[in-house]
Amino acid sequence: RDVLATILQLGNRVNESLGIPIMKGFKLTALLKLSETKITGNVKGVTSAGRTLLHYLIQVIAKQKTELLDFSSELLTVSSAARISIPLLNQEINSLQNWCNQLKREVKKICEGC
């Protein structure tokens with residue numbers, strides 16, 4: 001989560017320099033653009049030759065947020081989560097919502113009788 005927050009901060013700095021309003025989030029597909037977006041000019045001591053936003057991000061994390069360098073341990077549950085069926089998950093959510101609605105009706109009936 002902290003790595004994603006750092007990426008959001010970086011994106012907002014870039015957007016701010018372009019006059020684009022600060023964003024509260026980004027799409028995961030934007031992560032692919034980190035390795036595609038080239039840096040032009042010098043950015044706080046980072047030489048631009050052949051450098052991308054991904055290079056800059058890694059340098060920022062290595063210098064300022066070293067505790068984030070071991071974020072790979074946070075990814076251990078990703079493979080398990082990737083196997084979850086979205087339609088099945090939606091079905092379970094709908095079942096839980098129906099159960100909660102039924103429970104609310106039952107509680108309301110009981111309260112009316114008091």
Nearest 0.5 Å, please: how far is [atom2] in [Y] from [atom1] in [X]?
| X | Y | atom1 | atom2 | answer |
| --- | --- | --- | --- | --- |
| K109 | E112 | NZ | CD | 9.0 Å |
| L31 | L4 | CG | CG | 6.5 Å |
| I58 | K63 | CD1 | NZ | 13.5 Å |
| E92 | W99 | CD | CH2 | 14.5 Å |
| I61 | D2 | CD1 | CG | 9.5 Å |

>> Same cluster or not: L34 versus L32, using hydrophobic residues (I, L, V, M, F, W, Y) connected whenever any side-chain heavy atoms lie under 4.5 Å apart?
In response: no
> Going only through I, L, V, M, F, W and Y residues with side-chain contacts under 4.5 Å, is there a path from L18 to L57?
Replying inline: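 Yes.
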For [X], give me all partners under side chain to side chain contact (heavy atoms under 4.5 Å, CB included), at least two apart in sequence or on another chain.
| X | result |
| --- | --- |
| L89 | I84, I93 |
| K65 | T6, Q9, E67, L68 |
| N101 | K104, R105 |
| S35 | L54 |

> How is the hydrophobic cluster of L88 composed, in terms of its other members, when Ile, Leu, Val, Met, Phe, Trp and Tyr link through side-chain heavy atoms under 4.5 Å apart, directly or indirectly?
Replying inline: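 Members other than L88 - counting any ILVMFWY side chain reachable under 4.5 Å - there are none.
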>> Determine whether a donor-acceptor pair (N or O, by modelled atom type, separation under 3.5 Å) exists between the side chain of T66 and the backbone of A62.
In response: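 Looks like no, no N/O pair under 3.5 Å.
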> Shortest non-hydrogen contact from L10 to L53?
Replying inline: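 Looks like CD2-O, 4.0 Å.
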Output a table of donor-acceptor pairs, distance under 3.5 Å, between side-chain atoms of residues 20-30 and any protein atom two or more places apart or on a different chain; print 'none' if there are none.
none

